[in-house]
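A quick note: this is a predicted structure, and the numbers were derived from the prediction, not measured.
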There are 2 protein chains.
Amino acid sequence: MMDLPSEKDYLSHIAYDSVIFGFSDNTLKVLIIKYHNTGFYALPGGFVRSNENLDDAVRRGLMERTGLDSIYLEQFYTFGNIKRYKPEVMRIILEANDHQPENSHWMLDRFISIAYYALINYNDVVPRPDALSDAIDWYSIKELPTLMLDHRDIIIRALATLQDNLEKKLVGGNLLPKKFTMKELQKVYEAILGRTIRRTTFQRKMLSLGILQRHEKRYSGRAHKAPYLYSFKKK
Amino acid sequence: MMDLPSEKDYLSHIAYDSVIFGFSDNTLKVLIIKYHNTGFYALPGGFVRSNENLDDAVRRGLMERTGLDSIYLEQFYTFGNIKRYKPEVMRIILEANDHQPENSHWMLDRFISIAYYALINYNDVVPRPDALSDAIDWYSIKELPTLMLDHRDIIIRALATLQDNLEKKLVGGNLLPKKFTMKELQKVYEAILGRTIRRTTFQRKMLSLGILQRHEKRYSGRAHKAPYLYSFKKK
DNA sequence: TTTCTATTGTCTCAATTTGTAACAATAATA
DNA sequence: TATTATTGTTACAAATTGAGACAATAGAAA
């Protein structure tokens with residue numbers, strides 16, 4: 001059994017939650033952890049060290065959960081409603097891990113949570129549970145388990161932000177390997193936007209933006225024309 | 001001299017800053033406070049009570065500064081960089097108001113700040129300073145004084161968010177009285193976007209959106225055709 | 001009263017972008 | 001060699017936007 005994080009090392013009242021998106025089977029998915037011995041499903045999250053940038057705290061957590069650094073990460077909202085404050089939930093989680101925190105323990109106090117979303121290449125990752133959780137798995141955004149607190153709302157808002165940023169910041173490529181076909185990119189767009197897109201219009205639009213580098217063809221072994229591979233140009 | 005806020009009444013490490021936009025003289029302006037006896041210029045901000053929603057804390061502060069409730073308010077970013085942490089700045093402010101806080105005082109600790117922007121009708125407001133400030137005034141976003149900490153960056157980010165939301169959420173009308181002419185609305189758009197807009201295209205676009213209610217004409221007393229007044233339709 | 005000026009509301013046509021479908025190219029298979 | 005599924009491109013229609021023209025009009029000037 002590990003020690004609980006000490007109050008002096010962390011900023012009280014401040015937590016973060018991360019919505020980690022991946023793309024697989026033409027479906028948009030998020031990483032969900034399951035807390036040990038409780039049946040609670042939740043977003044991966046954590047606390048901010050006293051001498052640590054907020055962004056760095058989130059990156060540290062992502063590194064621990066996914067093994068990846070330098071991933072696309074964006075803050076999208078801070079949840080500060082008092083209804084979030086449910087100390088009994090945190091107590092159950094801690095007690096399920098053989099901790100007996102005092103009522104005044106800082107982890108049972110009210111938290112405001114800064115939410116981030118991350119986009120990662122699904123195949124680059126073997127998710128790892130943390131000390132309090134015994135599982136971390138991908139769930140389709142259409143088949144989420146019942147989540148703790150307001151975590152479902154956080155995912156919904158993350159998705160809305162991602163939809164907004166998709167065309168504005170052209171972030172879709174972060175869910176794919178470096179090289180991908182136009183059809184693969186289109187499937188990412190369709191999964192995020194939740195609707196089908198006309199193939200020819202999509203291809204014309206993407207090419208006209210001038211942000212894609214065309215590479216060699218990829219031969220699938222199947223009986224049809226082989227598509228080109230593309231990558232996003234470096235800025 | 002007032003008492004300092006007590007630690008038990010507020011959430012430590014958490015503050016908010018508000019970028020309050022107004023429109024006057026065809027110019028976009030923000031409210032800036034000046035701290036008593038220090039020469040420090042800053043955004044209006046405050047702390048969150050232990051039993052208060054984050055949004056409500058910000059509305060409470062806006063009410064105190066502007067006398068307005070039910071104003072357009074939107075959270076846009078949370079600033080959590082460690083470089084923000086400059087306890088000597090807060091100490092100077094407090095000492096200039098005859099307080100002598102201990103080094104361990106919670107107001108001298110590190111803060112993460114949730115930033116909001118508000119849109120108000122300039123003429124509805126007579127800004128009021130708070131206990132620590134002796135002035136609160138409008139400044140054009142093009143002629144800001146030198147601001148404390150990262151407050152200039154906060155304004156820049158607020159403006160960028162406002163520009164993004166202008167067409168997406170059609171928030172421009174919140175800077176005007178209930179009834180306004182098409183030209184007035186156009187001037188708001190131009191001030192926010194920082195560029196001129198073609199009159200006829202703007203008029204056609206706005207009318208085609210179907211969100212404006214046309215009212216009586218407004219006679220200015222000058223020698224030309226009188227424009228119609230418009231208001232935004234209730235949703 | 002008539003003429004003049006500044007501004008507004010609308011219309012027209014051109015330019016651009018997007019929707020839609022057609023078609024040729026091609027990688028394997030039959 | 002013909003067939004099939006898919007890809008890349010082109011062609012044309014529809015919709016949107018850019019740019020200017022023009023009539024309407026509220027008051028001032030003549």
Side-chain angles (χ1 to χ4, degrees), chain A residues 23 25-26 163-164 166-170 172-173 176-233, chain B residues 23 25-26 163-164 166-170 172-173 176-233:
Chain A
F23 180 74
D25 299 325
N26 287 344
Q163 289 171 344
D164 273 355
L166 184 58
E167 293 178 60
K168 195 159 54 190
K169 302 187 182 175
L170 302 165
L176 292 171
K178 277 201 185 59
K179 290 184 181 178
F180 46 84
T181 66
M182 193 63 81
K183 169 153 265 175
E184 288 168 343
L185 186 61
Q186 183 179 338
K187 290 297 180 187
V188 166
Y189 272 64
E190 291 179 339
I192 292 174
L193 298 176
R195 59 179 171 82
T196 58
I197 301 172
R198 180 168 288 267
R199 180 182 67 90
T200 54
T201 307
F202 181 77
Q203 173 132 340
R204 176 174 56 192
K205 183 65 170 285
M206 282 296 144
L207 292 178
S208 75
L209 290 173
I211 54 167
L212 293 181
Q213 176 75 45
R214 181 177 278 182
H215 301 282
E216 72 280 7
K217 293 185 171 188
R218 176 201 281 166
Y219 296 88
S220 64
R222 281 184 296 134
H224 55 73
K225 192 172 179 178
Y228 288 106
L229 288 168
Y230 296 88
S231 64
F232 279 87
K233 286 181 184 170
Chain B
F23 180 74
D25 299 326
N26 288 345
Q163 288 171 345
D164 273 357
L166 183 58
E167 293 177 62
K168 194 159 52 189
K169 302 187 183 174
L170 302 166
L176 291 171
K178 277 201 186 58
K179 290 184 181 179
F180 48 84
T181 66
M182 194 61 81
K183 169 153 266 175
E184 289 168 342
L185 186 60
Q186 183 180 336
K187 290 297 179 187
V188 167
Y189 272 64
E190 291 180 340
I192 292 174
L193 298 175
R195 60 178 171 81
T196 57
I197 300 172
R198 179 164 288 269
R199 180 182 66 92
T200 54
T201 308
F202 181 77
Q203 174 132 339
R204 176 174 55 189
K205 181 67 169 284
M206 282 296 144
L207 292 178
S208 74
L209 290 173
I211 53 166
L212 293 181
Q213 177 75 46
R214 181 177 278 182
H215 300 282
E216 71 280 8
K217 292 185 172 190
R218 175 200 282 166
Y219 297 87
S220 64
R222 280 182 296 134
H224 54 75
K225 192 171 178 178
Y228 289 106
L229 287 169
Y230 297 88
S231 64
F232 279 88
K233 286 180 184 169

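- Between Lys217(A) and dT7(D) there is no side-chain polar atom (N or O) within less than 4.0 angstrom of OP1 or OP2.
- When the C1' atom of dT8(C) is taken as reference, atom CE of Met182(B) falls 11 Å away, rounded to whole Å.
- A donor-acceptor contact under 3.5 Å links the side chain of Arg199(B) to the base of dG9(C).
- Contact between the side-chain N/O atoms of Lys183(A) and the OP1/OP2 oxygens of dT7(D) is found at a separation under 4.0 Å.
- What separates NZ of Lys205(A) from P of dT16(C) is a distance of 17 Å, to the nearest Å.
- Whole-Å rounding puts the Tyr219(A) OH to dT7(D) P distance at 14 Å.
- Side-chain contact check for Pro227(B) versus Met182(B): every heavy-atom pair is 4.5 Å or farther apart.
- Between Lys179(B) and Glu216(B) the shortest side-chain heavy-atom distance falls below 4.5 Å.
- Here dT6(D) presents its C1' atom at 14 Å from CD of Glu184(A), a figure rounded to the nearest Å.
- Ser220(A) comes within contact range of no nucleotide atom at all, as no heavy-atom separation falls under 4.0 Å.
- In this model, a side-chain donor or acceptor of Lys225(B) finds a partner on the base of dT8(C) within 3.5 Å.
- Summary of the strand contacts: Arg222(A) and Arg204(A) both lie near DNA chain D, and taking for each the nucleotide with the nearest heavy atom, the more 5' one is attributed to Arg222(A).
- Residue Arg214(B) is classed as a sugar-phosphate contact, given heavy-atom separations below 4.0 Å to backbone atoms only.
- Between Tyr228(A) atom OH and dA25(C) atom C1' the separation is 10 Å, expressed in whole Å.
- Atom NE2 of His224(A) and atom C1' of dA30(C) are 16 Å apart (whole Å).
- Remark: Tyr230(A) OH to Gln203(A) CD distance equals 5.0 Å, nearest 0.5 Å.
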Test salt bridge (Lys or Arg N to Asp or Glu O under 4.0 Å) applied to Glu190(A) and Lys187(A), step by step: CA-CA 5 Å; Glu190(A) 291 179 339; Lys187(A) 290 297 180 187; 3.6 Å; yes
